[in-house]
Amino acid sequence: MTLLTQLFSNAYTKHLESEFLKRMKIISEPQNYSFTIHNYASLIESLGDLFQEFCRQTLVNIFQEIDQKFKQSEIRKRDYYVKDFRERTLVTPYEVITFKRTLYQNKIDGKCFTYLDRKLGLPRWDTYDPCSSRLKLIHLGREMIKSNQGKHHEEICQRT
């Protein structure tokens with residue numbers, strides 16, 4: 001079974017659907033006479049939570065598959081020993097994820113590395129993934145622009 005068939009298997013999608021329906025039962029019941037924006041907000045929030053969980057789990061599964069493919073490869077068997085397993089935590093756009101990856105040791109020079117980190121270009125010891133860092137900078141930049149526009153507008157009003 002490949003990663004995609006695991007991720008989108010009937011059992012997993014049924015689980016997601018079941019979780020969503022549990023949360024939405026109160027809204028979908030005809031006896032619920034609440035007609036407010038809170039129903040819509042609850043729907044959107046519940047979908048967001050489920051999609052975030054799906055994305056977090058998908059990332060962990062993809063990371064594990066990348067690591068396993070290298071671990072089982074002829075290149076790895078020829079050039080590297082499996083030395084240890086290390087846990088890593090990343091703050092992603094989908095919140096915090098924690099996953100295990102394999103530490104390899106070169107058979108010739110004894111140097112160690114984690115293939116997964118190197119393959120994905122993840123900086124050592126950094127807990128924010130590069131996408132989260134970039135998104136954070138974009139958000140901060142937008143906030144600065146907004147605040148500067150507000151100051152500029154305020155200055156113009158004071159002059160007139």
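We number each residue from 1, following the sequence as shown.
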If you measure from [atom1] on [X] to [atom2] on [Y], what distance do you get to the nearest 0.5 Å?
X	Y	atom1	atom2	answer
N106	Y80	CG	OH	5.0 Å
I75	F70	CD1	CZ	7.0 Å
F54	N61	CZ	CG	9.0 Å

| note | Sorted by chain and residue number, the side-chain hydrogen bond (donor to acceptor under 3.5 Å, both in side chains) partners of Q68 (sequence neighbours excluded) come out as Q72
| query | Are L59 and F99 close enough, and set up right, to give a side chain to side chain contact (heavy atoms under 4.5 Å, CB included), and what steps lead you there? | reply | CA-CA 9 Å; L59 276 176; F99 55 95; over 6 Å; no
Tell me whether [Y] is reachable from [X] by hopping between hydrophobic residues (I, L, V, M, F, W, Y) whose side-chain heavy atoms are closer than 4.5 Å.
X	Y	result
L122	L103	no
F113	I66	yes
V82	F63	yes

| task | Could you pull out all residues at least two apart from K107 that satisfy side-chain contact (heavy atoms from CB on, under 4.5 Å)? | result |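 By the side-chain contact (heavy atoms from CB on, under 4.5 Å) rule, K107 matches Y81.
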| query | Between T98 and V60, which heavy-atom pair has the shortest distance, and what is it? | reply |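 That would be O-CG2, 3.9 Å.
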| request: Search all heavy atoms of G110 against all heavy atoms of Q105 and return the closest pair with its distance. | output: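 Looks like O-NE2, 3.1 Å.
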| request: Please list all pairs passing the salt bridge (Lys or Arg N to Asp or Glu O under 4.0 Å) test where one or both residues lie in residues 67-79, with sequence neighbours left out. | output: E65-K69
| message | Using only atom types and a distance under 3.5 Å, with no angle test, would you say the side chain of R56 pairs donor to acceptor with the backbone of Y94? | response |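 Such a contact is found between R56 side chain and Y94 backbone.
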| field | Sequence neighbours excluded - side chain to side chain donor-acceptor pair (under 3.5 Å) pairs with any residue from residues 108-119 | value | R88-D117, R101-D117, T114-D117
